[in-house]
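A short worksheet on the structure shown next.
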There are 2 protein chains.
Amino acid sequence: MRLEAFVRASRNAGIKLTHQRLEIFREIAASSEHPDVDTVFRKVRGRIPTLALDTVYRTFAVLEREKVLARVSLFSDKARFDPNTEPHHHFVCTKCGLVRDFYSGQTEDFRIPESVKSWGAVDAVYIELRGICRACGGNL
Amino acid sequence: MRLEAFVRASRNAGIKLTHQRLEIFREIAASSEHPDVDTVFRKVRGRIPTLALDTVYRTFAVLEREKVLARVSLFSDKARFDPNTEPHHHFVCTKCGLVRDFYSGQTEDFRIPESVKSWGAVDAVYIELRGICRACGGNL
DNA sequence: ATAGCAGATAAGAATTATTCTTGACTGGGA
DNA sequence: TCCCAGTCAAGAATAATTCTTATCTGCTAT
């Protein structure tokens with residue numbers, strides 16, 4: 001169960017296990033929909049009426065640093081656009097945010113899992129290779 | 001050449017081909033680094049000093065709608081977090097934004113292109129299946 | 001070539017998401 | 001129980017994005 005991992009990670013990292021953090025974690029762990037910060041805030045506030053939105057942000061930041069959870073999508077803050085309209089993929093440096101295009105014929109071979117097929121129709125297979133670019137110390 | 005596609009698409013869509021739009025498109029088409037809106041704004045402003053930031057946003061919105069370019073990363077505006085720390089992938093509905101997790105053993109088989117290897121070290125293969133969920137009309 | 005107009009633009013205000021500041025508070029070790 | 005580093009709430013501050021309004025301009029029909 002995820003709650004245990006959370007408790008364990010908190011102790012390891014020397015992070016205080018507060019009521020707020022517990023409820024925030026409970027909320028996001030209970031959902032399979034990756035709710036945004038504000039949604040979590042409103043839900044948890046039902047249980048802790050004095051909760052501040054900033055506490056939700058800070059809690060997520062801490063849990064992300066401790067790898068208890070991960071941010072969905074690396075490119076978060078600023079909008080970026082891609083003039084390349086052919087189907088292609090990206091290599092992304094998780095350190096500096098560098099993005100480079102690459103192509104692969106292998107997407108044809110990808111077998112869509114049955115579970116996914118039952119959720120809807122798949123139009124595109126997008127692959128993101130995440131790593132560290134040379135400038136940041138990858139492949140030295 | 002991309003500029004032609006842009007000019008063609010503009011005419012097709014009945015969009016006016018203004019000086020500003022041309023320069024904004026030139027700027028992003030010239031770069032392979034998917035610069036953010038503000039970077040494009042500053043560069044183009046060197047050539048058109050009266051350019052407004054909002055024009056860059058509007059131009060990208062129009063070009064995105066006309067499919068002349070695409071937004072890098074679907075989840076743009078709000079931060080979302082994922083309590084699932086095992087390696088996994090996502091099915092994303094491009095209409096309503098629904099996100100569901102799925103697993104696949106096939107990432108092991110993915111051959112990293114040589115070009116990518118030369119850019120840096122790859123740590124993870126993330127796959128995003130994009131389509132339309134049932135609720136939005138997929139798989140009817 | 002020119003007029004007229006639908007659509008585009010600049011400028012700055014407004015909105016929305018996120019982070020910072022400050023002073024009060026608390027979990028948990030000594 | 002005391003202590004204090006770390007945490008919290010509240011609201012201000014920042015940053016990204018969008019909206020409003022008045023002015024202007026590309027383009028089609030003339």
Side-chain angles (χ1 to χ4, degrees), chain A residues 6-28 34-66 68-69 71-81 97, chain B residues 6-28 34-66 68-69 71-81 97:
Chain A
F6 166 63
V7 172
R8 207 180 318 121
S10 299
R11 296 214 192 288
N12 285 348
I15 291 169
K16 287 182 184 169
L17 208 49
T18 65
H19 185 198
Q20 287 88 336
R21 283 180 177 159
L22 211 50
E23 289 302 321
I24 290 167
F25 183 81
R26 270 214 184 98
E27 189 57 42
I28 195 156
H34 311 305
D36 61 49
V37 176
D38 198 58
T39 302
V40 172
F41 170 62
R42 284 201 303 272
K43 285 270 191 84
V44 177
R45 184 132 90 160
R47 284 172 260 149
I48 309 178
T50 58
L51 184 75
L53 176 60
D54 189 44
T55 298
V56 182
Y57 276 103
R58 275 185 288 101
T59 297
F60 282 148
V62 167
L63 297 184
E64 185 182 14
R65 173 160 49 78
E66 298 305 329
V68 175
L69 43 75
R71 188 180 287 259
V72 175
S73 157
L74 295 177
F75 331 92
S76 52
D77 43 352
K78 301 174 185 179
R80 290 153 164 261
F81 292 87
Chain B
F6 167 63
V7 172
R8 207 180 319 121
S10 298
R11 295 212 193 289
N12 285 347
I15 290 170
K16 289 182 184 170
L17 208 49
T18 64
H19 184 200
Q20 288 88 336
R21 282 180 177 162
L22 210 50
E23 289 303 320
I24 289 167
F25 183 80
R26 269 213 185 98
E27 189 57 42
I28 195 156
H34 311 306
D36 61 49
V37 177
D38 198 58
T39 302
V40 172
F41 170 63
R42 284 200 305 272
K43 285 267 191 87
V44 177
R45 183 132 92 159
R47 283 172 260 150
I48 308 178
T50 59
L51 185 75
L53 175 59
D54 189 46
T55 298
V56 182
Y57 276 104
R58 275 185 288 101
T59 297
F60 282 147
V62 168
L63 298 184
E64 184 182 14
R65 173 160 49 78
E66 297 306 329
V68 176
L69 43 75
R71 188 179 285 259
V72 175
S73 158
L74 295 177
F75 331 92
S76 53
D77 43 354
K78 301 174 186 180
R80 289 152 165 262
F81 292 88

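Computed from heavy atoms alone, side chains included, the values below leave out hydrogens, waters and symmetry copies. If you're wondering where the values come from, they're calculated on a predicted model, not measured in any experiment. Per chain, numbering begins at 1; letters A, B, ... match sequence-line order.
At most 12 heavy atoms of other shown residues, nucleotides or ligands fall within 6.0 angstrom of atom CZ in A:Arg11.
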Worksheet entry | side-chain contact (heavy atoms from CB on, under 4.5 Å) between B:Glu66 and B:Ile15, worked out | CA-CA 10 Å; B:Glu66 297 306 329; B:Ile15 290 170; 3.5 Å; yes

Fill in: Full working for side-chain contact (heavy atoms from CB on, under 4.5 Å) between B:Arg26 and B:Phe6
CA-CA 10 Å; B:Arg26 269 213 185 98; B:Phe6 167 63; over 6 Å; no

Discussion item. With side-chain contact (heavy atoms from CB on, under 4.5 Å) as the criterion, how do B:Asp38 and A:Lys78 come out once you've worked through the C-alpha distance, each side chain's angles and the decisive distance to 0.1 Å?
Written reply: CA-CA 9 Å; B:Asp38 198 58; A:Lys78 301 174 185 179; 5.8 Å; no

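Close to D:dA9, at under 4.0 Å from its OP1 or OP2, lies a side-chain N or O of A:Gln20. Residue B:Thr50 places at least one side-chain N or O under 4.0 Å from the OP1 or OP2 atom of C:dA10.
Whole-Å rounding puts the A:Leu22 CG to D:dC8 P distance at 11 Å. Separating the CZ atom of B:Phe41 from the P atom of C:dG12 is a distance of 12 Å, rounded to the nearest angstrom. Atom CZ in A:Phe60 sits roughly 11 Å away from atom P in C:dT18 (whole-Å rounding). Between A:Asp36 atom CG and C:dT18 atom C1' there is a gap of 13 Å when expressed in whole angstrom units.
In this structure, the separation between CG on B:Leu63 and CZ on B:Arg71 is 12.0 Å, given to the nearest 0.5 Å.
Each of B:Arg21 and B:Arg80 was matched to the nucleotide of DNA chain C holding its nearest heavy atom; the match closer to the 5' end belongs to B:Arg21.
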Discussion item. I'd like to compare against my own output: the B/S/- annotation of nucleotides 12-29 of chain D with a strict under-4.0 Å heavy-atom distance to protein.
Written reply: ----SBBB------BS--

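Within the 4.5 Å cutoff, the side chain of A:Thr55 has no heavy atoms near those of the A:Phe41 side chain.
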